Amino acid sequence: MSLPKRVQIVEVGPRDGLQNETAILSVEAKAELIEALARAGLTRIEAGSFVSPTAAPQMATTRDLLQLLGPRPNLRLSVLVPNLRGLCAALAAGAKEVAVFAAATESFSRRNINCSIAESLDRFFKVVAEARRQGVGVRGYVSCALGCPYEGAVAPRRTAAVARALKDMGCGEISLGDTIGVGTPLAARALVETVAEEIGLESLAVHFHDTYGQALANIFACLEVGVAVIDASVGGLGGCPYAPGASGNVATEDVVYMLNGMGVETGVDLDALLEAGVSVARRLGRAPKSAVARASASNEAKRRAIQAFEAQA
Ligand code: HMG
Ligand code: MG
């Protein structure tokens, strides 16, 4: 078995996570979260999106957020843009990386961005060309890469065709999104293998939601075939507003714990990451969804109980 020596984590909590939380965080609270994630060693963070504020009101302050954060030479902050208008707004706010998002199915494309896959690719062609002209890197997502809430299972070749189109128009990295978290490890691996035949493995990232508790197993299956970029969301924040029932992305803490245990480097400090997860969950008025956060809290409670017992004895 061979695993990558080092994995890059793309922290998507501030965007993919917060876009689907009912509570809307202030710009200051979002900036604090991003600062905490950066202190934990994350170097790639998706900060927000420039989409219709009706579609994602939680993201309506992304411009103010980027301005508050200011230029960050050591951080790759990216934002999602659905069209040229979003790109222009992102560039004006100082974005140095953007992401476009197509879908593998017509129904999801229509529900998420109100156009067909072909129309979205035409739109993204212009976005990517302009971004690159301005020296800004672009990531491309393929949503519903394994399954769609409206059309069911998705054949890998459908996802591969969209991935190929995004790659051909100039996206430097393609992230395969299991938007509703229905994938299982062998299907995830088969998908990566099929897409890699089209566009190579080097530019592939995986983006698993954990609806059926399969995300870590899926990630492991993809690591085994050489994927080395993993999307994750601190505290398992989020879900997808257009995918009913979908849970948040796999929790970053759980991914880092698994990778640490296998000796795969991430550059992330798990304790600092846990703090970031607890702090944002507190702001949202609930506990973090990560298994590692729950285990750490219960270890801490046990340690306190033992200390109290010893102090009495
Ligand atoms: P539309 O209705 O077809 O387009 O929406 P429109 O041009 O008629 O615009 C509709 C309204 O949005 C108008 O405002 C525009 O001004 C405004 P109104 O006149 O109604 O007040 N608008 C914008 N506002 C701000 N920034 C913009 C912008 N563009 C138009 N850039 C559109 C089409 C794409 C705009 C809309 O459907 C949209 O914003 N969709 C985004 C939905 C979204 O954010 N989804 C979540 C992200 S995808 C995801 O999470 C999956 C992923 O994580 C991968 C995975 O999990 O698999 C990436
Ligand atoms: Mg997602």
Side-chain angles (χ1 to χ4, degrees), residues 1-13 16 41-46 76 78 97 99-102 104 137-147 154-168 171-234 236 248-268:
M1 181 182 72
S2 91
L3 294 174
K5 198 172 148 357
R6 189 175 172 87
V7 154
Q8 253 182 48
I9 296 188
V10 179
E11 171 58 54
V12 296
D16 203 1
L42 287 151
T43 53
R44 297 187 62 183
I45 302 177
E46 209 167 70
R76 287 177 63 184
S78 70
E97 266 190 50
V100 294
F101 47 110
V138 190
R139 162 179 248 226
Y141 281 101
V142 187
S143 304
C144 296
L146 283 161
V154 172
R157 63 185 161 68
R158 290 175 74 186
T159 300
V162 178
R164 160 116 244 167
L166 290 170
K167 178 82 183 164
D168 287 350
C171 292
E173 182 173 87
I174 307 294
S175 178
L176 303 176
D178 184 13
T179 316
I180 52 169
V182 288
T184 48
L186 298 185
R189 182 182 301 169
L191 171 69
V192 162
E193 286 171 341
T194 305
V195 179
E197 273 170 30
E198 283 286 331
I199 63 167
L201 201 59
E202 317 69 48
S203 50
L204 267 189
V206 288
H207 177 111
F208 289 107
H209 287 249
D210 204 27
T211 318
Y212 288 86
Q214 303 294 301
L216 282 181
N218 291 342
I219 289 171
F220 182 72
C222 296
L223 289 171
E224 276 193 313
V225 290
V227 171
V229 183
I230 296 172
D231 297 1
S233 168
V234 67
N249 295 89
V250 64
T252 316
E253 298 90 318
D254 298 350
V255 174
V256 170
Y257 181 89
M258 178 177 83
L259 294 172
N260 283 352
M262 300 192 298
V264 177
E265 292 165 26
T266 61
V268 178

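Starting from 1, each residue takes its place in the sequence as its number. What you are looking at is a predicted structure, and each value in this text was computed from that prediction instead of being measured.
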Where is the tightest heavy-atom contact between [X] and [Y], given as atom of each residue plus distance?
{"X": "Pro185", "Y": "Ala221", "answer": "O-CB, 3.5 Å"}
{"X": "Ala251", "Y": "Gly236", "answer": "CB-N, 3.5 Å"}
{"X": "Leu146", "Y": "Gly183", "answer": "CD1-CA, 3.8 Å"}
{"X": "Val195", "Y": "Ala163", "answer": "CG1-CB, 3.8 Å"}
{"X": "Ala232", "Y": "Ile9", "answer": "CB-CG2, 4.4 Å"}
{"X": "Ala104", "Y": "Val162", "answer": "CA-CG2, 4.2 Å"}

Taking [X] for its side chain and [Y] for its backbone only, find out whether a donor-acceptor pair lies under 3.5 Å.
{"X": "Asp254", "Y": "Met258", "answer": "no"}
{"X": "Ser175", "Y": "Val206", "answer": "no"}
{"X": "Thr211", "Y": "Ile180", "answer": "yes"}

Do [X] and [Y] make a side-chain contact, defined as non-hydrogen atoms from C-beta onward lying under 4.5 Å apart?
{"X": "Val192", "Y": "Leu201", "result": "yes"}
{"X": "Pro4", "Y": "Leu223", "result": "yes"}
{"X": "Ile219", "Y": "Val255", "result": "yes"}
{"X": "Ser203", "Y": "Lys167", "result": "yes"}
{"X": "Arg139", "Y": "Val10", "result": "yes"}
{"X": "Leu3", "Y": "Phe220", "result": "yes"}

Test salt bridge (charged side-chain N to carboxylate O under 4.0 Å, His left out) applied to Glu11 - qualifying residues, sequence neighbours left out = none
Measuring from atom [atom1] of [X] to atom [atom2] of [Y], what distance do you get when rounded to the nearest 0.5 angstrom?
{"X": "Asp178", "Y": "Tyr212", "atom1": "CG", "atom2": "OH", "value": "10.5 Å"}
{"X": "Ile230", "Y": "Asn249", "atom1": "CD1", "atom2": "CG", "value": "12.5 Å"}
{"X": "Thr266", "Y": "Leu259", "atom1": "OG1", "atom2": "CG", "value": "6.5 Å"}

Only pairs at least two apart or in different chains count here, so list each salt bridge (charged side-chain N to carboxylate O under 4.0 Å, His left out) that has a residue in residues 201-211.
->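 Sorted result for residues 201-211: empty, none.
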By side-chain contact (heavy atoms from CB on, under 4.5 Å) - contacts of Arg76 (at least two apart) |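 Counting only residues at least two positions away or on another chain, Arg76 forms a side-chain contact (heavy atoms from CB on, under 4.5 Å) with Gln8, Arg44, Glu97.
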What side-chain hydrogen bond (donor to acceptor under 3.5 Å, both in side chains) pairs are there with at least one residue in residues 155-164, not counting sequence neighbours?
->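 Of all non-adjacent pairs touching residues 155-164, those that pass side-chain hydrogen bond (donor to acceptor under 3.5 Å, both in side chains) are Glu151-Arg158, Arg164-Asp168, Arg164-Glu198.
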With sequence neighbours excluded, give me every side-chain hydrogen bond (donor to acceptor under 3.5 Å, both in side chains) pair touching residues 213-226.
->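 Sorted pair list: Arg189-Glu224.
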Mind checking what makes ring-ring contact (aromatic ring centres under 6.0 Å, His included) contact with Tyr141, not counting sequence neighbours?
->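 Once residues adjacent in sequence are excluded, the partners of Tyr141 under the ring-ring contact (aromatic ring centres under 6.0 Å, His included) criterion are His207.
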